[in-house]
Amino acid sequence: MLQRGLLAWSNARFQIEDPALEPLKPYLLLYREYQSTWFCVSVGEKSSYASWHDWTRAKSAIGQPVTESPAGPEIRQFVTHAYTQVFHGGGARLDHIFARLSREKDGPLLPVSFQRLLMSCSLPDGGPVLASLVARTHRLDIPDLSPDKITSMPKELVMEFDI
């Protein structure tokens, strides 16, 4: 899924509205930076975020700063740093991540393992936007993280497929 995403991004020459990115759009989250704060501007209906949370909660993320994310403070800090690095440096970044996140407001923390591809893009007016493509997977390469932990996310939550 992420390999196809990277290929589509490069074929689109980083333009978010290019036809090469159309198959990817339902899986993307888009972010813009305003006054050093990251805001969600779009949630794809098939995105990992939308399928982890219910659709109402996912759509409610639009317009919210990343600092209001349901993730914990460590994850929000990691996200903010990664977004800023890709956004200002251009290009793409691939992360392998294991975390514990709730699926519902104030719900229990559950194990989740995923790969995240961040891509610096341009809107039709030339304005910058950051695209995030996330695939929940048991295929992570994180030194010193046990295979038991990586595979502790339930199999039904895995998103390993081609787009």
Side-chain angles (χ1 to χ4, degrees), residues 1-10 12 14 16 20-33 38-87 91-121 129-142 145 147-163:
M1 183 173 163
L2 298 183
Q3 288 174 341
R4 295 234 183 198
L6 188 60
L7 180 60
W9 173 74
S10 69
F14 328 123
I16 201 70
L21 271 179
E22 279 306 311
L24 207 59
K25 281 187 174 181
Y27 301 94
L28 294 177
L29 273 78
L30 300 180
Y31 295 92
R32 292 197 78 176
E33 186 182 39
W38 288 98
F39 290 89
C40 179
V41 295
S42 176
V43 176
E45 65 272 7
K46 295 181 182 179
S47 68
S48 177
Y49 191 87
S51 63
W52 181 261
H53 302 291
D54 65 64
W55 186 235
T56 302
R57 187 172 182 194
K59 285 300 268 189
S60 296
I62 296 172
Q64 295 296 314
V66 168
T67 54
E68 299 296 318
S69 154
E74 307 84 26
I75 293 174
R76 287 193 295 263
Q77 183 179 7
F78 174 71
V79 164
T80 300
H81 173 74
Y83 288 9
T84 302
Q85 183 184 37
V86 172
F87 187 75
R93 173 183 168 144
L94 176 65
D95 293 307
H96 289 219
I97 301 168
F98 175 82
R100 292 192 180 278
L101 302 172
S102 66
R103 292 190 75 188
E104 54 197 40
K105 187 172 173 63
D106 301 321
L109 297 178
L110 303 171
V112 59
S113 52
F114 57 95
Q115 293 181 19
R116 179 187 65 196
L117 179 63
L118 296 175
M119 301 164 283
S120 181
C121 297
V129 66
L130 188 68
S132 175
L133 177 61
V134 172
R136 292 186 308 270
T137 181
H138 286 153
R139 294 185 291 169
L140 295 184
D141 183 11
I142 301 175
L145 185 63
D148 289 344
K149 218 173 213 183
I150 290 171
T151 58
S152 63
M153 178 181 67
K155 287 183 182 178
E156 64 269 11
L157 296 175
V158 170
M159 299 175 67
E160 293 178 357
F161 52 86
D162 282 338
I163 52 175

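The analysis underlying the following values was restricted to heavy atoms, covering all of them including side chains, and did not include hydrogens, waters or symmetry mates.
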Nearest heavy atoms of [X] and [Y], plus distance in Å:
{"X": "Arg57", "Y": "Tyr49", "result": "O-CE2, 4.5 Å"}
{"X": "Leu117", "Y": "Leu6", "result": "CD2-N, 3.8 Å"}
{"X": "Ala12", "Y": "Ala20", "result": "N-CB, 3.8 Å"}
{"X": "Met159", "Y": "Lys46", "result": "CE-O, 3.9 Å"}
{"X": "Tyr31", "Y": "Ser132", "result": "CE1-CB, 4.1 Å"}
{"X": "Arg93", "Y": "Val86", "result": "CB-CG2, 3.3 Å"}

Student check: side-chain heavy atoms of [X] and [Y] closer than 4.5 Å:
{"X": "Leu2", "Y": "Thr137", "answer": "no"}
{"X": "Pro111", "Y": "Phe98", "answer": "yes"}
{"X": "His53", "Y": "Val43", "answer": "no"}
{"X": "Leu130", "Y": "Trp38", "answer": "yes"}
{"X": "Phe14", "Y": "Trp9", "answer": "yes"}

State the [atom1]-[atom2] distance between [X] and [Y], to the nearest 0.5 angstrom.
{"X": "Ile16", "Y": "Ser120", "atom1": "CD1", "atom2": "OG", "value": "10.0 Å"}
{"X": "Ile150", "Y": "Asp141", "atom1": "CD1", "atom2": "CG", "value": "8.0 Å"}
{"X": "Leu133", "Y": "Met1", "atom1": "CG", "atom2": "CE", "value": "4.5 Å"}
{"X": "Leu7", "Y": "Leu24", "atom1": "CG", "atom2": "CG", "value": "10.0 Å"}

Using atom types as modelled and distance alone, determine if a side-chain donor or acceptor of [X] lies under 3.5 Å from a backbone N or O of [Y].
{"X": "His96", "Y": "Ile142", "answer": "no"}
{"X": "His138", "Y": "Met153", "answer": "yes"}
{"X": "Gln115", "Y": "Arg139", "answer": "yes"}
{"X": "Arg136", "Y": "Leu157", "answer": "yes"}
{"X": "Trp52", "Y": "Ser102", "answer": "yes"}
{"X": "Ser42", "Y": "Leu30", "answer": "no"}
{"X": "Arg103", "Y": "Asp54", "answer": "no"}

